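Okay, so here's the structure we're looking at.
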Amino acid sequence: DGGITQSPKYLFRKEGQNVTLSCEQNLNHDAMYWYRQDPGQGLRLIYYSQIVNDFQKGDIAEGYSVSREKKESFPLTVTSAQKNPTAFYLCASKERTKVDTGELFFGEGSRLTVL
Amino acid sequence: AQSVTQLDSQVPVFEEAPVELRCNYSSSVSVYLFWYVQYPNQGLQLLLKYLSGSTLVKGINGFEAEFNKSQTSFHLRKPSVHISDTAEYFCAVSERGGTASKLTFGTGTRLQVTL
């Protein structure tokens, strides 16, 4: 079955450590996205990528980094510069269609807790 | 730029009662509209979407929504809810005609169904 796989589902880290969240999709979608979700704040866009080897900052990119070396993979690194990294992180992808409606397909999410 | 307002952060309702979750949007151009559902510790799943045509849109799990252009609203309804409908619901909007459309999400409404 096609879909988006995020790993790990739960992750704990100590302050000052970098951590990388994995996102893999086998939907053959061109665009991929990372969102952060905090209670009562909805989803906020961190980074997105329209094609391989290209990505753009979203609304809250500070303290995060990404890469897009392969179409199916879009890993997110939460660096020690991110002041409040505890959150639920969602990866999403978008199919290339004649009319771009913006519709997204989501993974199951990764919950990061900083101890 | 577009924005979305979900007026109710929480909606408690008894099983088999009807429910309406409210969503209003703001945009200077025509839009596409979406409702997503999120069960605890999971990703978002598309419930329904309005792209064009009939303003009454039917989705999965018995939900429907009506697009009202004059009131810039896209309220979600279900005539009789079930315990399994307990989840968080997100309204989202994207602008028509964009070359790289991005979804803007509301802050979510938590639907709590009780016996």
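Hydrogens, waters and symmetry mates are skipped; everything else that's a heavy atom, side chains included, is used. Note that the structure is a prediction, hence the values are computed from the model and not measured. Throughout, protein chains are lettered first and strands after them, A, B, ... in sequence-line order, and every chain is numbered starting at 1.
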Side chain, backbone, both or neither: which part of B/L44 has a heavy atom under 4.5 Å from chain A? both

Quick check for you: among B/G106, B/A92, B/G43, B/G108, which has the greatest number of heavy-atom pairs under 4.5 Å with chain A?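 Going by pairs under 4.5 Å, I would pick B/G43.
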
Over all heavy atoms of both residues, which pair between B/L103 and A/Y35 is shortest? Give the atoms and the distance, please.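 Heavy-atom minimum between the residues: O-OH, 3.8 Å.
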
Proximity of residues 103-115 of chain A to chain B, residues having a non-hydrogen atom under 4.5 angstrom: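 Counting heavy atoms that sit under 4.5 Å from chain B, the residues of residues 103-115 of chain A involved are A/E103, A/L104, A/F106, A/G107, A/E108, A/R111.
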
What residues of residues 62-92 of chain A make heavy-atom contacts with chain B at a cutoff under 4.5 angstrom?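 Counting heavy atoms that sit under 4.5 Å from chain B, the residues of residues 62-92 of chain A involved are A/F88, A/L90.
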
Are [X] and [Y] in one and the same hydrophobic cluster, where Ile, Leu, Val, Met, Phe, Trp and Tyr link if side-chain heavy atoms are under 4.5 Å apart?
X	Y	result
B/L76	B/Y50	yes
A/L11	A/I46	yes
B/L21	B/V93	yes
A/L21	A/Y10	no
B/V19	B/L47	yes

Could you work out, with salt bridge (charged side-chain N to carboxylate O under 4.0 Å, His left out) as the rule, every residue matching B/E15, not counting sequence neighbours? none

Would you compute the distance between atom CD of A/Q56 and atom NZ of B/K102 and round it to the nearest 0.5 angstrom? 8.5 Å

Over 12 non-hydrogen atoms of neighbours within 6.0 angstrom of CD in B/E16: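 Not more than 12 within 6.0 Å, no.
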
Under 3.5 Å, is there a donor-acceptor pair between the side chain of B/T107 and the main chain of A/G42?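 The answer is no, because no donor-acceptor pair under 3.5 Å joins these two groups.
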
Within the distance-only criterion (no hydrogens, no angle test), does the side chain of A/K9 pair as donor or acceptor with the backbone N or O of B/N41 below 3.5 angstrom?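 Here the side-chain-to-backbone pair exists.
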
What residues of residues 22-38 of chain B sit under 4.5 Å from chain A when you count only heavy atoms? B/Y32, B/F34, B/Y36, B/Q38

Most contacts with chain B, counted as non-hydrogen pairs under 4.5 angstrom, among A/Q6, A/Q37, A/R44: A/Q37

Applying a strict 4.5 Å limit to non-hydrogen atoms, the region of A/I4 in contact with chain B is neither

